[in-house]
Amino acid sequence: MNKGFFSILLLVLSNSFMTLAWYGHLHWKGKLGVFERMGIFGVILLSWCIAFFEYMLMVPANRIGHTVLSVAQLKIIQEVITLTIFVPFALLYLKEPFKMDFIYAGLCLLGAVYFMFRA
């Protein structure tokens, strides 16, 4: 498998865990009483446990990706993946309203991709 593609696949999986760790508890709040009883430190600990899997995927993704891409290119790819995963997560899971700002942010990232990958 191509190293660049494999790195991107790992980044997508990693970012899925990151999004759940950082924002999943916002959906759970008020729906599952256990999170209120845990308090903030319990929720932080739970988020860290989820984020552990993010790091287990992110570190190899960056190490493998850096063999074929620059650090700046890896970072821009990660930001595009973040927005690509976060927007559907926010809309579908957290029930946030759609805003045109999602589109504008995506267009700005496309500009960043252009500048990072141009010859």
Side-chain angles (χ1 to χ4, degrees):
M1 182 182 299
N2 178 311
K3 287 182 180 184
F5 176 78
F6 187 60
S7 177
I8 290 170
L9 177 63
L10 290 175
L11 289 172
V12 167
L13 294 171
S14 167
N15 198 278
S16 299
F17 280 107
M18 179 197 74
T19 301
L20 185 61
W22 287 10
Y23 302 103
H25 61 90
L26 298 176
H27 178 74
W28 304 326
K29 183 179 175 186
K31 296 185 182 195
L32 302 172
V34 68
F35 292 101
E36 281 73 26
R37 289 191 305 273
M38 290 172 78
I40 190 66
F41 292 111
V43 174
I44 289 169
L45 183 62
L46 177 63
S47 291
W48 279 354
C49 290
I50 295 168
F52 170 78
F53 296 102
E54 172 204 353
Y55 280 88
M56 291 294 292
L57 296 165
M58 178 67 74
V59 171
N62 284 319
R63 289 180 68 88
I64 293 166
H66 193 250
T67 64
V68 293
L69 298 164
S70 72
V71 174
Q73 289 171 331
L74 280 168
K75 184 59 183 171
I76 288 301
I77 289 169
Q78 176 60 35
E79 294 305 325
V80 169
I81 291 168
T82 297
L83 191 62
T84 303
I85 289 174
F86 178 76
V87 170
F89 182 85
L91 295 174
L92 302 173
Y93 189 72
L94 296 177
K95 307 293 188 211
E96 292 285 320
F98 176 80
K99 294 168 60 174
M100 282 302 293
D101 292 342
F102 295 144
I103 302 297
Y104 302 143
L107 292 172
C108 289
L109 278 176
L110 286 178
V113 168
Y114 168 77
F115 287 112
M116 283 300 150
F117 285 88
R118 68 184 174 147

S.K.: More than 12 foreign heavy atoms under 6.0 Å from OH of Y104: is that the case here?
M.R.: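 For Y104, atom OH is not crowded (no more than 12 foreign heavy atoms under 6.0 Å).
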
S.K.: Determine which pairs satisfy side chain to side chain donor-acceptor pair (under 3.5 Å) with at least one residue from residues 78-87, sequence neighbours left out, and list them in order.
M.R.: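 Residue pairs with at least one partner in residues 78-87: N15-T82, K75-E79, Q78-T82.
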
S.K.: Looking at every non-hydrogen atom in both residues, tell me the closest pair between F17 and I50 and how far apart they are.
M.R.: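 Where F17 meets I50 most closely, the heavy atoms are O-CG2, 3.5 Å.
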
S.K.: Is the shortest heavy-atom distance from the side chain of V68 to the side chain of F5 under 4.5 Å?
M.R.: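 Answer no - side chains too far apart.
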
S.K.: Going from CG on L9 to CG on L57, what distance comes out if it is rounded to the nearest 0.5 angstrom?
M.R.: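 Rounded to the nearest 0.5 Å, the CG-CG separation comes out at 9.0 Å.
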
S.K.: Hey, any chance L13 and W22 share a hydrophobic cluster, counting ILVMFWY side chains that come within less than 4.5 Å of each other, even indirectly?
M.R.: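 In one cluster with L13: W22, yes.
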
S.K.: Test of understanding: clusters of I, L, V, M, F, W, Y form through side-chain heavy atoms closer than 4.5 Å, transitively. Do L107 and V87 belong to the same one?
M.R.: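 L107 clusters together with V87.
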
S.K.: Crowded around F117 CZ? As in, over 12 foreign heavy atoms under 6.0 Å?
M.R.: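 More than 12 within 6.0 Å, yes.
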
S.K.: Does one hydrophobic cluster hold both F98 and I85, with members joined at side-chain heavy-atom distances below 4.5 Å?
M.R.: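 The answer is yes; both residues are in one hydrophobic cluster.
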
S.K.: Rounded to the nearest 0.5 Å, what separation is found between the NZ atom of K3 and the NE2 atom of H66?
M.R.: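 If I round to the nearest 0.5 Å, the distance is 12.5 Å.
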
S.K.: Is it the case that one hydrophobic cluster holds both L69 and M116, taking links as side-chain heavy atoms less than 4.5 Å apart, direct or via other members?
M.R.: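 Yes, L69 and M116 fall within the same hydrophobic cluster.
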
S.K.: V59 and M56: same hydrophobic cluster, using ILVMFWY side-chain contacts below 4.5 Å?
M.R.: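 Not linked; separate clusters.
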
S.K.: Is the closest side-chain heavy-atom distance between M58 and L10 below 4.5 Å?
M.R.: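 They are not in side-chain contact.
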
S.K.: Is there a side-chain contact between L26 and Y93 (heavy atoms, below 4.5 Å)?
M.R.: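 Sidechains of Y93 and L26: no contact.
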
S.K.: Which value, rounded to the nearest 0.5 Å, describes the distance between I81 atom CD1 and L109 atom CG?
M.R.: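 These two atoms lie 11.5 Å from each other.
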
S.K.: Looking at every non-hydrogen atom in both residues, tell me the closest pair between P88 and L83 and how far apart they are.
M.R.: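 So the two residues come closest at CD-O, 4.2 Å.
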
S.K.: Between T67 (side chain only) and I64 (backbone N and O only), is there a donor and an acceptor less than 3.5 Å apart?
M.R.: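 Pair found, side chain donor or acceptor close to backbone of I64.
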
S.K.: Just do the side chain to side chain contact (heavy atoms under 4.5 Å, CB included) check on I77 and V113 with the steps written out, would you?
M.R.: CA-CA 8 Å; I77 289 169; V113 168; over 6 Å; no

S.K.: Check Y23 against L94 and note the closest heavy-atom contact, atom names and distance.
M.R.: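 So the two residues come closest at O-CD2, 3.8 Å.
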
S.K.: Taking everything shown except F6 itself, do over 12 heavy atoms lie less than 6.0 Å from its CZ?
M.R.: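 Counting neighbours around CZ of F6, 12 or fewer heavy atoms of other residues, nucleotides or ligands fall under 6.0 Å, so no.
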
S.K.: Please round to the nearest 0.5 Å and tell me the distance separating atom OH of Y55 and atom CE of M18.
M.R.: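 Going from the OH atom of Y55 to the CE atom of M18 covers 9.5 Å.
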
S.K.: Could you tell me the separation between the CD1 atom of I8 and the OG atom of S14, rounded to the nearest 0.5 Å?
M.R.: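 The CD1 atom of I8 sits 13.5 Å away from the OG atom of S14.
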
S.K.: Any chance CZ of F53 has more than 12 other-residue heavy atoms, nucleotides or ligands included, within less than 6.0 Å?
M.R.: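 No - once you tally the heavy atoms of other residues, nucleotides and ligands closer than 6.0 Å, there are 12 at most.
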
S.K.: Between S47 and A21, is there a donor-acceptor pair closer than 3.5 Å when you use the side chain of the first and the backbone of the second?
M.R.: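 Checking the backbone N and O of A21 against the side chain of S47, a donor-acceptor pair under 3.5 Å is found.
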
S.K.: Taking C-beta and beyond as the side chain, do V80 and L110 meet within less than 4.5 Å on heavy atoms?
M.R.: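 Counting from C-beta outward, V80 and L110 never come under 4.5 Å.
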
